[in-house]
Undergrad: 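Here it is, the structure in full.
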Amino acid sequence: MAGATAMAVLMLALATASDAATGAPRRSQRPEADLVTGLPGQPAVGFRHYAGYVDVGSGGGKALFYWFFEGEQEPEKKPLMLWLNGAVNLLFLEAPVGVGFSYTNRTADLRRLGDRVTAEDSYSFLLNWLDKFPEFKTRDFYIAGESYAGHYVPQLAELIYDGNKRASKDKVINIKGFMIGNAVLNDATDQLGMVEYAWSHAIISDELYSAVRRECDSFKEEADGGRPGKGCTPALRAFLGAYDDIDIYSIYTPTCLLPTGAAAAAAPRRPAARLVAAPRLFSKHGEWHRLKRVPAGYDPCTEAYVTNEVIRKWNDSPSTILPILKKLMAAGLRVWVYSGDTDGRVPVTSTRYSINAMGLRPRERRANGNRSAAASAAGVVAEWGGWRAWYYRQQVAGWAVEYEEGFTLVTVRGAGHQVPLFAPGRSLAMLYHFLRGQALPAARSS
């Protein structure tokens, strides 16, 4: 799910701390026309759910589709999560228009799509959805997402932050922070990290690794003096071809084995959909657009029957989001970036290079928990660069670094591109600590 045609994950969470301070708000009048009373084959459930459309833009004719699930117990005290690719209140949103059930009556709208329009439509959706469910208006508000939501989430957060400065009191969104996973952040470091990851995980040879680094000038932008050589194109073609037989989004997950022989000839064929937003050097090559477009999960053959032929052009996709991250951190927003470490598309190496480019200051923590006898005898040890393990159910769940600027990096061990799909328990624990502003457990007994 690397391109803008793929819906980025977006979650919005309302912290429960405000409920504890003010008491749970009473349920306001709900849009009962949106209440879902049953679905074909649906078993009996102990929660209410709503589905419908929220207009975005002016003049009508353009709307985003949502599906909202209340928590089973005391939903008024639980966080709200908005998921853009549609034990808490959970809201699914399909965006941009042209994705899922979200629509526009104007074909021209589909030719205008890009980062800017997606952020504006999502902001309009939020304001109008909160008018439908006003009890959530005054709560602390958080955003989270994955993949290309590395663009969507910070851009939306910035729009909310700037919009709040001129908004009337009833239109202020009380944003406190955001969380993004395996996030597309900065083209140069994203691309360099992909190559480093493939080499360090024995997917490409030493010779190919050296050729890509040398001929593509370490993926520096031309504006920054980057000068890719003539050998960059064949080297990148060979690099992308190395992923032909494995899943770039989860390098250890089995791939779908499509039919062969007569069965393959009889199977319907469709042209490969192009990823319309991608790093500049990689996107010049057809091999890039033939990479798997749907991360592995319950069904590794999903990409054989899921596609989007509606969105064919993406008009704006800045090469870096890092200035927005720094702006919002300076404004006091809490920012976490997490990374499943078996993803080759936006790998942990890319994320670490991008974070290093911001020049943040690691917060040194005093080590504790299970240490060797020698380390214990030597006294308490400080972690190098703030890097430490975090734990879930007494096992190492990944590693984390906290920074003085209010930024946290978290890795999730053994998870692919969509971390909640591969590690649901650890993902929930991570979200729990993020919402409460608490450090992840630093010892097996935590």
Undergrad: Are the side chains of Val335 and Ile180 in contact, using a 4.5 Å heavy-atom criterion?
TA: no
Undergrad: Taking Arg111's backbone N and O only, do any of them form a donor-acceptor pair with Asn315's side chain (distance below 3.5 Å, no angle check)?
TA: yes
Undergrad: Are any of the side-chain nitrogens in Lys327 or Asp162 under 4.0 Å away from the carboxylate oxygens of its partner?
TA: yes
Undergrad: Answer yes if the side chains of Asp121 and Ser124 hold a donor-acceptor pair under 3.5 Å, and no otherwise.
TA: no
Undergrad: Got Val54 and Leu64 here, is their nearest side-chain heavy-atom distance under 4.5 Å?
TA: no
Undergrad: Step through it carefully: locate the ring centre of Phe101, locate the ring centre of Tyr53, and say whether they are under 6.0 Å apart.
TA: no
Undergrad: Look at the side chain of Asp109 and the backbone N and O of Val97, then say whether any donor-acceptor pair between them is shorter than 3.5 Å.
TA: no
Undergrad: Would you say the rings of Trp67 and Phe65 are close, in the sense that their centroids are separated by under 6.0 Å?
TA: no
Undergrad: Quick one: do the Trp399 and Asp341 side chains pair a donor with an acceptor below 3.5 Å?
TA: no
Undergrad: Please answer whether the main-chain N or O of Asp187 pairs with a side-chain N or O of Gln191 as donor and acceptor at a distance below 3.5 Å.
TA: yes
Undergrad: Checking Asn186 against Thr320: is there a side-chain donor and acceptor pair closer than 3.5 Å?
TA: yes
Undergrad: Going by an N to O cut-off under 4.0 Å, is there a salt bridge joining Glu120 and Arg112?
TA: no
Undergrad: Okay, side chain of Arg426, backbone of Ala397: is any donor-acceptor separation there less than 3.5 Å?
TA: yes
Undergrad: What I want to check is whether the side chains of Tyr142 and Asn174 have a donor and an acceptor closer together than 3.5 Å.
TA: no
Undergrad: Check whether any side-chain heavy atom of Glu135 lies under 4.5 Å from a side-chain heavy atom of Glu76, and answer yes or no.
TA: no
Undergrad: I'd like to know if the side chain of Asp316 and the backbone of Asp115 have a donor-acceptor N/O pair within less than 3.5 Å.
TA: yes
Undergrad: Does any donor atom in the side chain of Asp34 or Tyr66 lie under 3.5 Å from an acceptor atom in the other side chain?
TA: yes
Undergrad: If we only count heavy atoms from C-beta on, is the Leu113 to Lys313 side-chain gap below 4.5 Å?
TA: no
Undergrad: Does Arg363 make a cation-pi contact with Trp387 (under 6.0 Å, within 45 degrees of the axis)?
TA: no
Undergrad: Ring centres under 6.0 Å, that's the criterion: do Phe141 and Phe136 meet it?
TA: no
Undergrad: With a 4.5 Å limit on heavy-atom distance, are the side chains of Thr118 and Trp314 in contact?
TA: yes
Undergrad: Any side-chain to backbone donor/acceptor pair from Ser427 onto Ala423? Under 3.5 Å, distance only.
TA: yes
Undergrad: Test Asn182 against every option in Val412, Val337, Asp343, Thr351 by the side chain to side chain contact (heavy atoms under 4.5 Å, CB included) rule and name the one that passes.
TA: Asp343
Undergrad: Does Lys165, at its NZ atom, have more than 12 non-hydrogen atoms belonging to other residues, nucleotides or ligands within less than 6.0 Å?
TA: yes
Undergrad: Can you check side chain to side chain contact (heavy atoms under 4.5 Å, CB included) on Glu32 and Tyr50, steps first, answer last?
TA: CA-CA 8 Å; Glu32 293 305 312; Tyr50 298 78; 3.8 Å; yes
Undergrad: Can you check side chain to side chain contact (heavy atoms under 4.5 Å, CB included) on Arg334 and Lys176, steps first, answer last?
TA: CA-CA 6 Å; Arg334 183 185 311 152; Lys176 297 295 184 180; 5.7 Å; no
Undergrad: Are the side chain of Thr255 and the backbone of Asp247 linked by a donor-acceptor contact shorter than 3.5 Å?
TA: no
Undergrad: Please determine whether a side-chain nitrogen of the Lys or Arg among Arg30 and Glu70 lies less than 4.0 Å from a carboxylate oxygen of the Asp or Glu.
TA: yes
Undergrad: Around atom CH2 of Trp129, are there more than 12 heavy atoms from other residues, nucleotides or ligands closer than 6.0 Å?
TA: yes
Undergrad: Donor-acceptor check, side chain of Ser200 to backbone of Tyr197, threshold 3.5 angstrom: yes or no?
TA: yes
Undergrad: Check this for me: does any side-chain nitrogen of one of Glu402 and Arg388 sit under 4.0 Å from a carboxylate oxygen of the other?
TA: yes
Undergrad: Would Tyr353 and Glu196 count as having a side-chain donor-acceptor pair, cut-off 3.5 Å?
TA: yes
Undergrad: Flag the pair Tyr338 / Phe434 as yes when their ring centroid distance falls below 6.0 Å, and as no otherwise.
TA: no
Undergrad: Taking atom types as modelled, is there a side-chain donor on His417 or Ser147 under 3.5 Å from an acceptor on the other?
TA: yes
Undergrad: Could you tell me whether the side chain of Val401 reaches within less than 4.5 Å of the side chain of Thr408, counting heavy atoms only?
TA: no
Undergrad: Quick one: does any side-chain atom of Trp390 pair with a main-chain N or O of Ala439 as donor and acceptor, under 3.5 Å?
TA: no
